[in-house]
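One structure, as structure tokens, below. Some questions next.
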Amino acid sequence: MANKKLNLDSIKIVIFDFDDTLAIHKDRDYAKRRIKDDNIYLDYCLKAYLNPEIFYETIEPCLVMESLQKFIKICEKSNIKMYCVSKLKFSFNLKAKQAFVHKHYSTNIEVISSGTQELKCEAVKIIQRINKCDLNEILFVDDMKDNIIRFKNMGIYALLPEEVDKLIINMKDE
């Protein structure tokens with residue numbers, strides 16, 4: 001199902017992915033390096049848990065996406081509820097993700113773990129029930145094309161991060 005033209009006035013909830021959406025990893029092979037050795041992965045989780053305020057700036061450096069910062073400000077002005085749903089094997093780095101999101105984007109974004117990419121769909125359904133809205137009142141921004149297809153098939157508006165630029169430009173033209 002392709003997205004109809006998105007009207008932000010009809011959106012009640014915006015959900016963002018974390019990795020390579022809100023947090024652009026400087027090291028493109030960060031995930032591959034961690035899974036080579038259990039001790040590397042355990043050390044990674046430990047550092048995230050012990051250093052949440054600086055983890056994504058110094059230990060696993062990430063950049064922010066300026067267009068998403070602008071979009072989040074627009075969402076706040078429109079009183080749109082926002083979440084970040086991230087696939088996490090463990091919750092040890094959940095506080096680090098939350099610290100990064102709150103520092104660089106907004107403290108109005110609630111950060112949630114889904115466990116797997118596929119369970120993001122279930123997370124959306126729970127968020128829908130919490131907020132008593134329809135699936136077509138939700139927008140999900142994710143860098144993974146498979147997730148975008150899954151969300152669109154559910155009736156959810158879904159965009160790749162780079163598509164948010166076009167959305168902001170179109171909003172200015174209206």
Side-chain angles (χ1 to χ4, degrees), residues 6-27 30 44-117 119-135 137-144 147-148 151 156-165 167-169 171-172:
L6 177 62
N7 175 358
L8 200 58
D9 292 336
S10 68
I11 299 298
K12 293 183 179 176
I13 308 293
V14 176
I15 305 170
F16 300 93
D17 171 52
F18 183 81
D19 293 301
D20 293 322
T21 299
L22 291 178
I24 311 301
H25 291 269
K26 288 183 178 181
D27 175 5
Y30 73 99
Y44 174 87
C45 292
L46 179 63
K47 287 177 182 176
Y49 184 79
L50 295 175
N51 306 285
E53 296 299 322
I54 62 163
F55 183 76
Y56 287 106
E57 280 92 4
T58 60
I59 298 166
E60 181 66 55
C62 292
L63 303 169
V64 298
M65 187 170 257
E66 196 173 304
S67 60
L68 290 181
Q69 286 177 316
K70 291 176 188 174
F71 182 63
I72 287 167
K73 284 185 171 86
I74 293 167
C75 291
E76 286 179 320
K77 288 178 185 172
S78 299
N79 292 316
I80 295 173
K81 181 87 172 138
M82 293 177 286
Y83 295 86
C84 172
V85 175
S86 182
K87 175 202 82 120
L88 285 169
K89 184 175 181 179
F90 293 118
S91 63
F92 289 107
N93 58 339
L94 186 65
K95 287 182 182 174
K97 289 185 181 212
Q98 180 176 298
F100 184 86
V101 168
H102 288 178
K103 181 189 266 183
H104 297 287
Y105 290 99
S106 173
T107 56
N108 293 322
I109 299 173
E110 187 172 343
V111 181
I112 298 171
S113 168
S114 67
T116 67
Q117 292 297 337
L119 284 175
K120 284 183 178 181
C121 294
E122 302 306 314
V124 169
K125 291 176 186 175
I126 293 168
I127 290 169
Q128 172 203 11
R129 289 181 181 185
I130 290 168
N131 292 281
K132 298 176 177 82
C133 66
D134 295 326
L135 288 174
E137 296 174 310
I138 298 173
L139 167 63
F140 205 118
V141 180
D142 197 314
D143 66 300
M144 297 187 72
N147 286 342
I148 297 297
F151 299 138
I156 298 167
Y157 285 98
L159 297 173
L160 293 166
E162 56 269 19
E163 293 176 307
V164 172
D165 274 333
L167 179 64
I168 292 171
I169 291 167
M171 291 169 63
K172 289 178 183 175

Step by step, work out the side chain to side chain contact (heavy atoms under 4.5 Å, CB included) result for N147 and F140. CA-CA 9 Å; N147 286 342; F140 205 118; over 6 Å; no

Taking C-beta and beyond as the side chain, do F71 and L8 meet within less than 4.5 Å on heavy atoms?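 Result yes, sub-4.5 Å side-chain heavy-atom pair found.
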
Note, M82 side chain near E76 side chain (heavy atom, < 4.5 Å):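 Counting from C-beta outward, M82 and E76 do come under 4.5 Å.
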
Counting C-beta onward and ignoring hydrogens, is there a side-chain heavy-atom pair between F16 and I72 closer than 4.5 Å?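 F16 vs I72: side chains touch.
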
Could you tell me whether K81 sits above the aromatic face of Y83, with NZ or CZ closer than 6.0 angstrom to the six-membered ring centre and within 45 degrees of the axis?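 Ring-cation test returns yes.
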
How close do L160 and E163 get, heavy atom to heavy atom, and via which atoms?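 For L160 versus E163, the nearest heavy atoms are N-OE1, 2.6 Å.
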
Flag side-chain contact, heavy atom, 4.5 Å: I13 against Q128: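 The answer is no; the side chains never approach within 4.5 Å.
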
Yes or no on side chain to side chain contact (heavy atoms under 4.5 Å, CB included) for L22 and M65, after CA distance, side-chain angles and deciding distance? CA-CA 6 Å; L22 291 178; M65 187 170 257; over 6 Å; no

Residues two or more places apart in sequence or in another chain: which of them pass salt bridge (charged side-chain N to carboxylate O under 4.0 Å, His left out) with K97? D19

Just do the side chain to side chain contact (heavy atoms under 4.5 Å, CB included) check on K132 and K12 with the steps written out, would you? CA-CA 10 Å; K132 298 176 177 82; K12 293 183 179 176; over 6 Å; no

Does a salt bridge link E122 with K125, judged by any charged N lying under 4.0 Å from a carboxylate O?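 Yes, this pair counts.
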
In terms of heavy-atom contacts, T21 and D17 come closest through OG1-OD2, 3.0 Å

Within the structure provided, determine whether V85 and I127 are in side-chain contact (heavy-atom separation under 4.5 Å). yes

Report the distance from atom CG of N79 to atom CG of N108, rounding to the nearest 0.5 Å.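 Output value for this atom pair is 9.5 Å.
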
Does the side chain to side chain contact (heavy atoms under 4.5 Å, CB included) test come out yes or no for K95 and F55, once each step is laid out? CA-CA 10 Å; K95 287 182 182 174; F55 183 76; over 6 Å; no

Can you say whether the rings of F18 and F100 are parallel (under 30°), tilted (30 to 60°) or perpendicular (over 60°)? perpendicular

Kindly indicate whether the side chain of I15, heavy atoms from C-beta on, has any atom under 4.5 Å from the side chain of I156. no

Check whether more than 12 heavy atoms from other residues, nucleotides or ligands sit under 6.0 Å from atom CD of E162, and answer yes or no. yes

Of all heavy-atom pairs linking L94 and I112, the shortest is CD1-C, 4.3 Å

Can you see which heavy atom on H104 is nearest to which on Q69, and at what distance? O-NE2, 2.9 Å

On a heavy-atom basis, which atom in S114 and which in K120 lie closest, and how many Å separate them?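 For S114 versus K120, the nearest heavy atoms are OG-CG, 3.5 Å.
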
